[in-house]
Amino acid sequence: MHNDQLIQSALNEVEECSSVECLEAKRVKFFGKNGLITKELKSLSKLPLEQKKELGEKLNKFKNQFFLIVENKKSIIESKEINLKLARDFLDSSLPARENNYFEAKIHPINQTINEIVSILGSMGLTFEEGPDIEDDFHNFSALNIPEDHPARQMHDTFYLKSTKTDSYVLRTHTSPVQIRALKKMQIPLGIFAPGRTYRCDSDITHTPMFHQVEGLVVDKDINFANLKWFVEKFCKIFFNKKDLKLRFRPSYFPFTEPSAEVDINYSYSSGKIILGKGSKWMEILGCGMVHPEVFKMSGVDSSVTGFAFGMGIERLSMLKYGMPDLRDFFEGDLKWLEHYGFSFFEETDLSWR
Ligand code: DAH
C-alpha cells in the first residue's frame with residue numbers, strides 16, 4: 001500500500017506542475033539518486049523472491065510511465081512558452097541600424113559585365129558552356145585551323161606549360177577552344193556562349209597577362225552571314241543600351257572563320273569622354289565570321305552545316321560601357337577603385353530591354 005501511495009503522489013505532483021523547473025524537481029524527488037522511488041528500488045534486494053519480482057516489475061513499469069509523462073508535459077510547456085514569446089516579442093524592422101560604419105561589398109565590374117552578357121545572350125537563345133583554362137595544343141590551336149607552323153601562333157604570345165610525351169599544354173590564349181569542345185560533344189543545331197579567363201604573355205597599358213573573353217557559336221543547316229550580322233548588332237545595341245548604335249563590319253582574318261570580320265561601333269569624343277552611338281569615329285569591339293569548314297572537320301562534324309562565331313574582350317566591353325580609363329586597374333585589387341566602379345548588390349538590374 002505504501003508503494004501505491006508513493007506512485008499516486010508522484011502522479012499527482014507531476015500533474016500539478018506548470019513549469020519545466022517543477023518537472024525537473026519532481027524527477028529528482030522521485031527518481032533522483034536519493035529519490036523516494038529510487039530508494040524503494042534499491043531496497044528490493046532485501047525482499048523475498050516472489051515479492052521482489054512483483055514489486056520490481058510494478059516499480060519499473062511505473063518508472064517508464066513517469067518519464068513518458070514528464071517528457072510529454074515538458075514539450076507541451078515548452079511549446080506554450082515559445083508561442084507566448086512569439087506573441088509577446090516584436091521585431092521592428094524599420095529601426096535604423098545601430099552603427100552606420102559597415103563596408104558594403106561591391107560586385108567587380110568584370111563580374112557585373114559577365115552577368116549582363118550571360119543574361120543577354122541567354123535570352124537570345126544561347127546556352128552557357130565552359131572549357132578548361134589549361135588547354136591542350138589541339139583545342140587551342142590545331143583544331144581551330146592554326147597548325148604548328150602558322151604565324152598566328154606567334155601572335156598569341158602563349159604561356160606554354162610542361163608537355164607530356166603525347167600532348168603539349170598551354171594556358172588558353174582565347175575562348176575559341178570552347179567552340180571545338182561544344183562541337184565535339186553537342187548535337188546540331190547548337191547555340192552556345194562561353195565567357196571565361198584567357199592568358200597571354202603580354203603586359204602594358206592595354207594588355208594584362210590574364211584577361212577575359214566571351215565566345216559565341218551558332219551552328220545549323222543554313223546559318224549565313226546575315227544571321228551573324230543580325231545577332232551581333234542586336235547584342236551590341238542591347239549591351240550598350242543604345243538603339244541607334246551603328247555597326248561597321250570590316251573584312252579581317254582569323255584562321256578559324258571564313259569570311260572573317262572585325263566589328264566597329266561608332267562614337268564621338270566630347271570633353272575628353274567617349275560617347276558611344278554618336279558621331280562618326282569607329283572603334284573595334286569584336287571579331288567574328290563564318291565557321292571555317294576545317295574547324296567542322298577537325299571537330300568531327302558533318303560539313304553540310306554552317307555556323308557563325310564571334311569573340312569579344314570582356315574588359316574592353318566593360319571599360320567602354322562604364323568608362324574605366326585604365327585596363328590594369330581591373331586587377332590591382334584596390335578597394336577604393338572597387339568602391340567607385342563596383343556595383344551594388346542592392347541595385348536592381350535594368351531588364352527594360354527585354
Ligand atoms: N579568338 C579570337 C581572338 O582571341 C577572337 C575571335 C575572332 C573569336 C573571331 C571568334 C571569331 O569566334 O569568329 O583574338
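Order of appearance sets the numbers: ligands from 1, and atoms from 1 within every ligand. A quick note: this is a predicted structure, and the numbers were derived from the prediction, not measured.
Here the straight-line distance linking atom OG1 of Thr198 with atom CD1 of Ile314 works out to 8.0 Å at 0.5 Å rounding.
With sequence neighbours excluded, the residues that form a side chain to side chain contact (heavy atoms under 4.5 Å, CB included) with Tyr253 are His150, Pro255.
At a threshold of 4.0 Å, the pair Arg153-Asp137 counts as salt-bridged, since one of the basic side-chain nitrogens sits closer than that to a carboxylate oxygen.
Within the structure, ring-ring contact (aromatic ring centres under 6.0 Å, His included) pairs that include any residue of residues 163-205 comprise Phe128-Phe193, His156-His174, His174-Phe256 (at least two apart or interchain). Annotation: ring-ring contact (aromatic ring centres under 6.0 Å, His included) contacts involving residues 298-331, sequence neighbours excluded, comprise Phe231-Phe308, Phe231-Phe310, Tyr322-Phe343, Phe330-Trp337.
A distance limit of 4.0 angstrom between heavy atoms and ligand 1 selects the residues His174, Ser176, Gln179, Arg200, Gln213, Glu215, Phe254, Phe256, Thr257, Gly287, Cys288, Gly289, Ala309, Phe310, Gly311.
Between Asn140 and Thr173, the side chains place a donor N or O and an acceptor N or O closer than 3.5 Å (distance only, hydrogens not considered).
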